[in-house]
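Note that these values count all heavy atoms, side chains included, but never hydrogens, waters or copies made by symmetry. Numbered from 1 within each chain, the chains take letters A, B, ... in sequence-line order.
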Amino acid sequence: MTPTALHGPFIDRLLSGRGIWPAVPAIIVLAIVAVIPFMVLLSLGFSDVVSSRGVIISQEFSLRHLKAALSDSLYWTTFRRSIGLAVTTTLLCMLLGFPVAYLYLIGGKWTRRIILVLTIAPILTSGIVRTYAWIVILGGRGVINTTLMQLGLIDQPVRIINTHWAVLIGMVQIHLPIMILPLIAVMTRHDTRLDEASANLGATRLGTLRHVILPLATPGLGTGAALVFTLSYTTFVVPQLLGGGNYLNAATMVFEQVVYALEWNKGAVTAVILMATCLIGLIGIAALTNLATRWTRAGRS
Amino acid sequence: MPGSASVTTGGDSASPIVFIREIIKRYGANTVLDRCSLAAHEGEILTLLGPSGCGKTTLLRCIAGFIQPDGGAISIDGADMAQMPVNRRPVGVVFQSYALFPHLTVAGNVGYGLRMRGVAKSDIAQRVKAALASVSLSGLDDRYPAQLSGGQQQRVAIARVVVLQPRVLLLDEPFNALDAKLRGSMQVELRHLIKQLGLTALFVTHDQEEAMTLSDRIAVMRAGRIEQLDRPDAIYDRPTTAYVADFIGASNTWYSRVDGGLVRLPDGQTVSTTHSGDVKVMVRPHNLVLHRASSERAGSWSGKLVFRRHVGAMMEYEVQLPDGQAIRAVGLHGDQPVEPSPSESVTLAVRNPAACMVFPAA
């Protein structure tokens, strides 16, 4: 038998490293760290388990935990708060991030370098460290309160830490670089001759920004929004530390249900709702980005 | 040498639309425009021709206002441009690869300038239609630039600026993005279009053929200044410097000495000149005639034919002289009773000694 007869096209492809084979290791890792735990999560959240002394006696599909969650008003307020926080964070990051990206676009070599360093440096430090830094700044004896008191503007410390505002400030600061990076990627590819053409055709700087730069940056804004929304909607560290344990969002709720209450089924259902609503949010952002792109693209002659 | 010495008006006495006086632009120690002066007249197509780095694009960008010159003055239609912002200058720029807005349709691109000027919507639609018709692009209103051919993109870029009725059209190497086959026909078409619209155009290129096809006048640029400004045929036939002669068209060059106001050519004929001392003699390939050494018209200037080829109706020859220099000659196909073959001995003669160009040896 000749070697070619032994090697079918399948083996050939395997040996030549074409097709999906190079991706196999990553797929295996993903299956282990993502798909299997997700299956466990689903089975925990959507089944009734009768066990005795740690031995499972029976397990069957059930919507009991989901029904319980949906009829609990705490779930509704918590998820409403989470969505509100994530949406506000995303919008503020867009609002604050775009001018930075614009500055990057029109800036010289050094402006660009400084913006890049200032954007990437925070990503390289741990989110927990950055969040603790905010405690130092926002705390009762923190930088802001001390300064305000020394200036005589206030008599006693204003409560900033452990409030909704502290969480929002922290969220925006932590997630801003994630918004700026895709925008910078768009700006790096931006053809500045388009801006010159726009000016030559009579547009002011603002006109060029509105009619050329913004429309072409819309996909970058969409990518940034999707990333910031996903991360801020599912974040745990910032609300936990800056909210002082009494700011409940979806992620901290899962944590409390599993770690403190040891209610694994409840925690699993909450996590599944979190994932599902996050997916819906992402689809919404994609649709909005499409709409915005089409709106700015309209020829409107 | 004073900056204005090299500028000639080409016999046109009308007051210039674009007037550039002793423009200077420096980038660090590098002087890109060195007291460069230029005047363009109503309705003419003036080409800035030169190798890359000669400052031609910089000059165009100064006129458009994209960069600020370090000295000198630019005026358009008598108005000084020094304080005039880019978006208020009466010039329309056609960019090297057109810089069409990829997110706007053809109609959106052409209507952009009108929109920025606050023209009423109904007027915009009408004027866009007319502009597209003038460049033969009617019916392509709703296409995006990516869906157009290179030639169509170029016409959108032109329609986008002419719809605003600028005083001057500035074109920065507008054929670079087109393939060679399309270029020739587009050059003729663009010239007709500009003439038909009655526009004044300043046109930047490094391609001498393009300049010859398109221009009413050519300004040959060198190291930030204009070396010669004249009609295309005058630039070709009567270059004022060896640089221009070398840059425009092919030339054969050798060095000689002036003796009693005459330069002796290698074939024994003489040319009169006002120069003295050591000179550089340049002769166009088509001013040389070639004979087989065996024919009775054989002369004293001989060499060996090393290469010949047909270029359309023309024959191109390369002759190697005994001293190793290669001489190029061009003749009509069929001029020779018997075509000399490579490695055959041939003799050369100058057809018209008066058309030889004599410059002081550098």
Side-chain angles (χ1 to χ4, degrees), chain A residues 94 98 101-102 105-111 182-183 185-225 286-301, chain B residues 60-61 63-67 85-119 121-129 131-132 141-145 156-157 160-164 166 168-170 172:
Chain A
M94 288 167 84
F98 189 79
Y102 181 64
L105 176 69
I106 63 170
K109 194 173 72 181
W110 280 103
T111 312
L183 280 176
V186 168
M187 296 304 180
T188 308
R189 285 196 306 267
H190 185 81
D191 181 358
T192 49
R193 277 171 320 156
L194 296 179
D195 308 341
E196 289 179 351
S198 173
N200 176 249
L201 293 169
T204 56
R205 272 175 177 258
L206 197 68
T208 301
L209 177 61
R210 159 72 187 82
H211 296 286
V212 177
I213 297 169
L214 188 59
L216 292 173
T218 306
L221 274 174
T223 307
L288 277 175
T289 309
N290 255 334
L291 210 68
T293 308
R294 213 167 328 141
W295 180 65
T296 51
R297 268 184 172 233
R300 282 175 300 148
S301 52
Chain B
L60 201 77
R61 291 173 61 79
I63 300 170
F66 298 144
I67 46 181
V86 179
N87 60 333
R88 306 254 309 275
R89 295 194 182 204
V91 298
V93 181
V94 176
F95 289 82
Q96 199 171 104
S97 38
Y98 314 132
L100 297 178
F101 303 122
H103 61 295
L104 297 179
T105 59
V106 168
N109 268 282
V110 177
Y112 187 87
L114 297 170
R115 237 167 91 207
M116 293 303 119
R117 281 170 168 73
V119 175
K121 264 196 175 172
S122 54
D123 285 354
I124 293 180
Q126 211 173 356
R127 286 172 69 177
V128 165
K129 228 169 199 64
L132 285 177
D141 311 42
D142 296 329
R143 298 271 188 92
Y144 283 97
V156 173
R160 183 172 74 169
V161 292
V162 301
V163 75
L164 299 171
V168 184
L169 202 58
L170 305 175
D172 185 8

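When heavy atoms are compared at a cutoff of 4.5 Å, B:Val91 approaches chain A by way of both its backbone and its side chain. With a 4.5 Å cut-off on non-hydrogen atoms, A:Thr204 touches chain B through its backbone and its side chain both. Contacts between B:Leu100 and chain A at a heavy-atom distance below 4.5 Å involve the backbone alone (N, CA, C, O).
From B:Phe66, atom CZ reaches atom CD of A:Glu196 across 4.5 Å, with rounding to the nearest 0.5 Å. Atoms CG and CZ, from A:Asp195 and B:Phe101 in turn, are 8.5 Å apart once rounded to the nearest 0.5 Å. In this structure, the separation between CZ on B:Arg115 and CG on A:Leu201 is 11.5 Å, given to the nearest 0.5 Å.
Shortest non-hydrogen contact noted between A:Ala199 and B:Val86 is CB-CG1, 3.7 Å. What you find for A:Gly202 and B:Arg117 is that their closest heavy atoms are CA-NH1, 3.5 Å. Nearest heavy-atom pair, A:Gly207 versus B:Tyr112, reported as atom, atom and distance to 0.1 Å: O-OH, 4.0 Å. In plain terms, the two heavy atoms of B:Ala99 and A:Ala197 that are nearest each other are O-CB, 4.0 Å.
When B:Gly65, B:Ala157, B:Gly92, B:Pro166 are compared by the number of non-hydrogen pairs under 4.5 Å with chain A, B:Gly92 comes out ahead. Annotation: maximal heavy-atom pairing with chain A below 4.5 Å, among B:Arg61, B:Arg88, B:Arg89, occurs at B:Arg61.
When the shell of 6.0 Å around CZ of A:Arg193 is examined, it contains more than 12 heavy atoms from other residues, nucleotides or ligands.
Counting heavy atoms from C-beta outward, A:Leu194 and B:Pro102 have side chains that approach closer than 4.5 Å.
Under a 3.5 Å cut-off, the side chain of B:His103 and the backbone N or O of A:Thr293 do not form any donor-acceptor pair.
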